[in-house]
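Remarks on the structure that follows.
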Amino acid sequence: MSEVREKESRLKVDGAVSLIELHETVEYILPDEHYDHPVAVIECIEGIPCNPCETACPVGAIVVGDDITTLPVIDPTICTGCGLCVAACPGLAIYLKQQHHSDGLSYIAFPYEYLPLPEKGQAVTMVDRRGQHVCSGTVVRVIKTKRFDRTAIVHATYDSAFYEDVVNMVRL
Amino acid sequence: MKRLKRDIVVIGSGPAGLCAAIEAARSGAAVLLVDENAKIGGQLFKQIHKFFGSADHRAGVRGIDIGEQLLRQAEELAVEVWLNCEACGIFDEKTVWMVRDKEHSVAVEAQRIIIATGAVENSINFPGWTLPGVMGAGAAQTMINIHRVLPGHRVLMVGSGNVGVIVSYQLLQAGATVAAIVEAAPNLGGYGVHTAKVRRAGVPFYTSHTVKEARGNGHVERAVLVKLDSQWNQVPGSEFEVEVDTICIATGLTPAVELAFGSGCRPFNSPPLGGLVPVHDRMMKSSIDSIYIAGDVSGVEEASTAMEEGRIAGLSAAHSLGTITDQMFAERLEQLQHNVDALRSGMFGQKRREAKDAIVRSYGVER
Amino acid sequence: MNRITDHPILGPLEEAEMVDIIVDGQVMQARKGEMIAAALMANGKNTFRKTVKREEPRGIYCGIGRCTDCVMTVNGIPNVRTCVTEVEEGMVIQTQIGSGEWQ
């Protein structure tokens, strides 16, 4: 992505956070190629009064603290990739990611609250933060448990060349 | 006319009124909760998203489910509820005149009254704004989430505050297309996590734009958008059309203050909280000792804040009747104040926090 | 039909008893207990009244009983707020012209 285009895409003008804005926040931690399982990535950069991510995490990997407007900080080395925070986040601002999942493919698990749900094995189109089509992806599994409270979590693999760009999929 | 007596009458059964009634009943007062609608809950049951906050605020739980929990609590506490009951006026600072089922006039003498009448959506006008298809964002939300009817298939949202972006997201969930969200200000108003949700679903935002005109034969068929310069003037020649069948207006809310002011509560102008509100102290007591207020009528915020304020009003009203000890009151009040302060913390809360402080200061000064 | 039959959060639309309403002489199906405005919009009717001078069309605006833009003549009574009035079997609903007339 060109730097010029990125600079235009500011959260408060375009609606989506730009990679430049994300990289400027210390709280945004994209797991590198050394992880052998997906871990949570949090794109919460505004300090809204909220902490369900912290309370949902069973291993204490996410810390907000007593002042609930503090931005959540994740320790990806502790994160087990269970996905409870992904469903708990009211802002749908958390997903799981792994850069090298298999054969040049990255892995993502993101919240999805639309119908119809995709099915395992289905080919889908992955999108970036602005809804632009990035590449194709394959749905690995769709989890909808009572604990997730009607927020489905879609797991998919996609071309790792677009590891950081992809955050969700085109609605079906 | 029938005349009855109750400890506390709560007017309005939205998040604030419902919580006020529950807290007052839990504190030992006999509570009557009235609402003009056929169903309890006000606008809470169309909030199908997970709420922000902490566990104290039931964060991460959807508004509809919080509503169900509150209904069960009200039932367990034997809160008396009158639906289809319009509160028309308050006389002598304690008699509420109501009309039940559009037929029977009833006067209830209450030792304390809690006014939780909520707010109404603001409107903006432009040529064509009266066409069928132009409606409040809240109206569209009611149609899709309560009545399960799509008001349209291609929607233009006017206003990017939390209401505008949340309703846009819910329109997508209901199966509609949101063609665009326009915002007259140079920056978007809502939480970034909300705008990000609809943006990645492909919905474009137009900042420094507004709707110039709605066109259509008997119904909205198109909207004309126009760019605004830094002085908020329309830029000639920048117009373009968007094909839509529905235009939703999400340009803020105004407190529904008629009943409060009609009963003599002193007003205070608080533009950040929606305009004129009844002045009140931290315990949510108005300028009249027997009247408390809570929720959007005391300043427009969010449902989570309305619920905490409602609890404070219910607790204070009950305590003023001597149903709980001073110590119980102080302990619970501290907890509730902590909860409400947390929701007004941070960059998004600053304006509301300062505005509320100004109201409370004014209460102290003029008393 | 504009009914939302399935929804990711609210689930499938529950079965409901249907009632007949008569709208400007035409029979329409409504879900028992729903608001008149919802029933009309589900059936594709969006114009509820016409203004007194220029007979301009009006539909719902606030949807919660505050603005009175959606008023119609119902069972001969004018100015009924259709967004907060439930349908009943056999209800006669008419597009209202101006301030309407008692019938």
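Naming convention: chains lettered A, B, ... in sequence-line order (proteins, then strands); numbering from 1 in each chain.
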Open item on the list: I'd like to know if the side chain of B/H49 pairs up with that of B/Q173 as donor and acceptor (distance under 3.5 Å, no hydrogens or angles considered).
Closed with: no
TODO: Measure distances from A/T70 to the heavy atoms of chain B and classify the residue's part below 4.5 Å as side chain, backbone, both or neither.
DONE: neither
Task: Options A/H133, A/R129, A/E46, ranked by heavy-atom pairs under 4.5 Å with chain B, top entry - done: A/E46
Task: Options A/T151, A/V127, A/V64, ranked by heavy-atom pairs under 4.5 Å with chain B, top entry - done: A/T151
- [ ] Go through the atoms of B/L172 and report whether side chain, backbone, both or neither lie under 4.5 Å from a heavy atom of chain A.
- [x] both
Open item on the list: Under a 4.5 Å cutoff for heavy-atom pairs, which residue among B/H57, B/M347, B/R199 has the most contacts with chain A?
Closed with: B/R199
- [ ] Measure B/Y191 against the heavy atoms of chain A and call it side chain, backbone, both or neither at under 4.5 Å.
- [x] both
Task: Proximity breakdown for B/P204 and chain A, heavy-atom pairs closer than 4.5 Å - done: neither
Open item on the list: Please give me the minimum heavy-atom distance between B/L44 and B/P15, naming the atom from each residue.
Closed with: CB-CD, 4.1 Å
Task: Reported CG-to-SG distance for the pair A/L84 and A/C89, which is rounded to 0.5 angstrom - done: 13.0 Å
Open item on the list: With side-chain hydrogen bond (donor to acceptor under 3.5 Å, both in side chains) as the rule and sequence neighbours excluded, what pairs involving residues 49-67 of chain A come up?
Closed with: A/D67-A/T69
Open item on the list: Non-hydrogen contacts under 4.5 angstrom with chain B: give the residues of residues 94-124 of chain A involved, or none if there are none.
Closed with: A/E113, A/Y114
Task: Closest contact, heavy atoms only, B/A140 versus B/C248 - done: CB-SG, 3.6 Å
Task: side chain to side chain contact (heavy atoms under 4.5 Å, CB included) between A/I45 and A/E27, intermediate numbers included - done: CA-CA 8 Å; A/I45 68 167; A/E27 288 83 4; over 6 Å; no
Task: Closest non-hydrogen atom pair between B/S345 and B/R353, with its separation - done: CA-NH1, 3.4 Å
Open item on the list: At a 4.5 Å cut-off on heavy atoms, which part of A/R171 comes close to chain B: side chain, backbone, both, or neither?
Closed with: side chain
Open item on the list: Is A/D149 in contact with chain B via its backbone, its side chain, both, or neither, using a 4.5 Å heavy-atom distance?
Closed with: both
- [ ] Identify the two heavy atoms, one from B/D245 and one from B/G152, that lie closest to each other, and give their separation to 0.1 Å.
- [x] OD1-CA, 3.5 Å
Open item on the list: Once you measure the plane-to-plane angle for B/Y206 and B/F240, does it fall in the parallel (<30°), tilted (30-60°) or perpendicular (>60°) bin?
Closed with: tilted
Task: Result of checking B/L336, B/L343, B/N339 against B/D56 for side chain to side chain contact (heavy atoms under 4.5 Å, CB included) - done: B/N339
